[in-house]
**Student:** 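Please find one structure pasted underneath; my questions will follow.
Note on naming: letters A, B, ... go to the chains in the order of the sequence lines (proteins, then strands), and numbering restarts at 1 for each one. These numbers were taken from a predicted model, which means no experiment stands behind them.
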2 protein chains.
Amino acid sequence: MEAALVTLLARSTREQLYAPALAPVADIVDTVRYPVLSAVARFGPISAADIAIHVGTDRTVASRHAAALETAGLLTRDVDPADARAWLLQLTPRGRSVIRGIRSRMAATIEASMADWPDGVADAFVDGLERFSRALTE
Amino acid sequence: MEAALVTLLARSTREQLYAPALAPVADIVDTVRYPVLSAVARFGPISAADIAIHVGTDRTVASRHAAALETAGLLTRDVDPADARAWLLQLTPRGRSVIRGIRSRMAATIEASMADWPDGVADAFVDGLERFSRALTE
DNA sequence: TATTGTTATACTCTATAACTATA
DNA sequence: TATAGTTATAGAGTATAACAATA
């Protein structure tokens, strides 16, 4: 298992998995900004500080990526009515459309690589993957 | 699944999974050199050019990491008897001992995070992970 | 006093280009 | 001519430090 994990965690694997899904929108979303966009999609409206926690980077990094995604028209930043220091990040209709396309292409890539797996193995893997991911973020 | 995959592929996840396993040898093996060491353990004796393919980086990067690991006494570089241009990388006894320790600590971390999983789920996950990793490298 | 967000800066890691030596 | 390995250089991405504004 160690070998499989080392392979999966390699930087090149991330590029390899993201590249085909991001290709059509490569000019506005790259492999480092996509995690921010994905987190806003899942947890928004959310502040940049909380995004940083989910994405696992420093606040300054999340802030810069969010600014870039705002410039690209994929998300908006509105003052948090409950805290004037914070900005709440939220997807624009264009952002929602872009992420829908990315997810659908990513799913196609993944499903293709599992096409010849025995029945049930893929479902069990996805189940385990979700458990493992949850364990990491707790 | 997309969310779980984004989490797993995050740079911070790699650090989080490797950190406890590498801590005792942090002065000689870090998270970017470990994949090189692991590949030498699995495929050695092997040339730097082939290591680069397995690790998914450029030749120059693999070469530098290998040089550092040699300086640390974890691997040796001997001229390939079949090709005087190439150097064959191979673990030293110390290198084997170090990687044994890393793998055992990594296994402990992973097993701990799966401790409360239902019977069979962990095995199915590992099976799927290995299949998925193989699909990525082909 | 602590926290949010931002900017300037330095650091790490990587790829590209150029070179030598060998096939 | 092509490939293995190395070194110098530039680029991308990140964290640290310092700042203003608000809790």
**Student:** Send over the distance from B/Arg14 CZ to D/dT14 P, rounded to a whole Å.
**Tutor:** 11 Å
**Student:** So does A/Thr7 get a backbone contact from the side chain of A/Thr13, meaning a donor-acceptor N/O pair under 3.5 Å?
**Tutor:** yes
**Student:** Do A/Tyr34 and A/Met106 have side-chain heavy atoms sitting under 4.5 Å apart?
**Tutor:**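 Side chain of A/Tyr34 against side chain of A/Met106, heavy atoms only: contact under 4.5 Å found.
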**Student:** Applying ring pair (Phe, Tyr, Trp, His ring centres under 6.0 Å), can you list everything that pairs with B/Trp117, at least two apart in sequence or on another chain?
**Tutor:**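 Ring pair (Phe, Tyr, Trp, His ring centres under 6.0 Å) check on B/Trp117 returns B/Phe125.
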**Student:** Going by the salt bridge (Lys or Arg N to Asp or Glu O under 4.0 Å) test, which pairs reach into residues 14-28 of chain B, not counting sequence neighbours?
**Tutor:**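 As it turns out, there is no salt bridge (Lys or Arg N to Asp or Glu O under 4.0 Å) pair with a partner in residues 14-28 of chain B once direct neighbours are skipped.
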**Student:** Quick one: what's the B/S/- string for nucleotides 16-23 of chain C, heavy-atom cutoff under 4.0 Å, read 5' to 3'?
**Tutor:** BB----BS
**Student:** Examine distances only and state if a side-chain atom of A/Thr92 and a backbone atom of A/Leu74 form a donor-acceptor pair shorter than 3.5 Å.
**Tutor:** yes
**Student:** So what does A/Arg77 touch, heavy atoms closer than 4.0 Å: a base, only the sugar-phosphate, or nothing?
**Tutor:** sugar-phosphate
**Student:** In whole angstrom, what separates A/Glu15's CD from D/dA12's P?
**Tutor:**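 These atoms are roughly 13 Å apart.
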**Student:** If only atom types and distance count, is the side chain of A/Thr71 paired as donor or acceptor with the main-chain N or O of A/Ala67 below 3.5 Å?
**Tutor:**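 Yes, A/Thr71 side chain to A/Ala67 backbone: donor-acceptor pair under 3.5 Å.
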**Student:** What is the distance, to the nearest angstrom, from the OH atom on B/Tyr34 to the P atom on C/dC13?
**Tutor:**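 To the nearest whole Å, that distance equals 18 Å.
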**Student:** Under the salt bridge (Lys or Arg N to Asp or Glu O under 4.0 Å) rule, what pairs show up with a residue in residues 80-105 of chain B, not counting sequence neighbours?
**Tutor:**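 Every salt bridge (Lys or Arg N to Asp or Glu O under 4.0 Å) pair that includes a residue of residues 80-105 of chain B, provided the two are not neighbours, is A/Glu2-B/Arg103, B/Asp83-B/Arg85.
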**Student:** Does the side chain of A/His65 come within less than 4.5 Å of A/Val55's, by heavy atoms?
**Tutor:**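 Heavy-atom side-chain distance check fails, nothing below 4.5 Å.
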**Student:** Taking CG from B/Asp50 and P from D/dT3, how many angstroms apart are they, rounded to a whole number?
**Tutor:** 13 Å
**Student:** Does a side-chain N or O from A/His65 land closer than 4.0 Å to OP1 or OP2 of D/dT14, or not?
**Tutor:** yes
**Student:** Provide, to the nearest angstrom, the distance between the CG atom belonging to B/Leu88 and the C1' atom belonging to D/dT3.
**Tutor:**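 Rounded to whole Å, this separation is 15 Å.
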**Student:** Rounded to the nearest Å, what distance is computed from the CG atom of residue A/Asp78 to the P atom of nucleotide C/dT4?
**Tutor:** 18 Å
**Student:** Between C/dT14 atom C1' and B/Arg33 atom CZ, what is the distance in whole Å?
**Tutor:** 14 Å
**Student:** What residue among B/Val40, B/Val98, B/Leu37, B/Ile28 forms side chain to side chain contact (heavy atoms under 4.5 Å, CB included) with B/Leu69?
**Tutor:** B/Leu37
**Student:** Residues from residues 18-26 of chain A sitting under 4.0 Å of DNA chain D, heavy atoms only?
**Tutor:**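 Residues of residues 18-26 of chain A under 4.0 Å from DNA chain D: none.
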**Student:** Under a 4.0 Å heavy-atom cut-off, which of residues 36-48 of chain B touch DNA chain D?
**Tutor:**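 The answer is B/Ser47, B/Ala48.
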**Student:** Side chains of B/Val61 and B/Val32: closer than 4.5 Å at any heavy-atom pair?
**Tutor:**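 With C-beta onward as the side chain, the pair stays apart.
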**Student:** Measuring to OP1 and OP2 of C/dT6, would you say a side-chain N or O of A/Ser63 lies under 4.0 angstrom away?
**Tutor:**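 Yes, A/Ser63 has a side-chain N/O under 4.0 Å of OP1/OP2 on C/dT6.
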**Student:** Hey, what do you get for CG (B/Leu9) to OG1 (A/Thr31), rounding to the nearest 0.5 Å?
**Tutor:** 10.5 Å
**Student:** In whole angstroms, how far is the P atom of C/dT6 from the CH2 atom of A/Trp87?
**Tutor:** 7 Å
